[in-house]
Undergrad: 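I have a structure here, written as structure tokens, and I will follow up with some questions on it.
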Amino acid sequence: MVRLIFLGPPGAGKGTQAKVLADRCSVPHISTGDILRGAVAAETELGLKAKGFMDRGELVPDDLILDLVGSRLDNDDTTSGWILDGFPRNVSQAKFLDVLLEQINHQYDCVVNLDVPDEVIVSRLLERGRSDDNGEVIRHRLSVYREQTSPLIDFYRERQLLVSVDGNQPIDDVSAALEQIVAA
Ligand code: AMP
């Protein structure tokens with residue numbers, strides 16, 4: 001059983017690492033960013049509502065996200081565990097998640113914080129070239145991260161659930177560090 005939450009700034013390698021680890025542990029990789037990009041591509045109601053926020057590098061409002069995460073985590077494929085990537089993104093989402101997990105009787109193992117210095121992040125994001133990865137939007141996403149998401153580091157540290165991993169090392173070394181955490 002593996003239940004992990006991935007935290008980290010945009011460009012920290014969260015998505016890549018969460019996917020590798022989920023495959024290795026045979027649990028679903030649940031990325032709210034991927035779900036939202038899928039909804040935008042399929043032009044669903046959610047996608048149409050979310051697109052503008054994503055293009056601007058802002059968080060999509062909680063009321064569009066919470067139900068989506070609730071039903072995804074309650075899916076049949078989560079009985080052996082899950083890796084959550086990109087959620088929670090602010091303290092109110094984290095509080096919602098605590099209540100939700102208690103309701104569906106899931107306890108998570110820990111919260112992994114992928115640590116990467118700012119200058120590395122910006123150059124990685126520029127290289128990635130996703131549609132929401134241009135200079136101005138990157139700066140905005142980083143400030144949104146600092147203001148709204150980074151308080152979660154202390155939120156989980158105070159609960160003694162936080163494990164920090166140096167994300168500024170070769171991809172395989174980060175993966176190896178994460179596997180050790182899961183094995184512990
Ligand atoms: P990501 O792929 O995790 O970097 O997410 C891409 C974009 O999707 C973000 O910049 C937000 O606009 C939106 N997004 C993803 N996850 C969330 C979330 N938990 N809450 C609000 N917006 C989100």
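As the structure lists them, so they are numbered: ligands from 1, and atoms in each ligand from 1. For the single chain, residues carry numbers from 1 onward in sequence order.
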Undergrad: Tell me whether the rings of Tyr108 and Tyr156 are parallel (<30°), tilted (30 to 60°) or perpendicular (>60°).
TA: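 Geometry flag for Tyr156 against Tyr108: perpendicular rings.
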Undergrad: Given 3.5 Å as the limit, does a donor-acceptor pair link the side chain of Arg89 with the main chain of Gln148, or not?
TA: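 No, the answer is negative, given that no donor and acceptor are paired below the 3.5 Å cut-off.
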Undergrad: I need the contact residues for ligand 1: any residue with a non-hydrogen atom closer than 4.0 Å to the ligand, ordered by chain then number.
TA: Thr32, Gly33, Leu36, Arg37, Met54, Glu58, Leu59, Val60, Ile65, Gly86, Phe87, Arg89, Gln93, Arg130, Arg141
Undergrad: Taking the six-membered ring of Tyr145 (Phe, Tyr or Trp), confirm whether the NZ or CZ of Arg141 is under 6.0 Å from its centre and within 45° of its axis.
TA: no
Undergrad: Are the charged groups of Asp34 and Lys19 less than 4.0 angstrom apart, N to O?
TA: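 Lys19 and Asp34: not salt-bridged.
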Undergrad: Give every residue pair that meets the side chain to side chain donor-acceptor pair (under 3.5 Å) criterion with at least one member in residues 40-55, sequence neighbours excluded.
TA: Glu45-Lys49, Lys51-Asp55
Undergrad: Tell me whether Asp98 is salt-bridged to Lys95, with the criterion being a basic N under 4.0 Å from an acidic carboxylate O.
TA: no
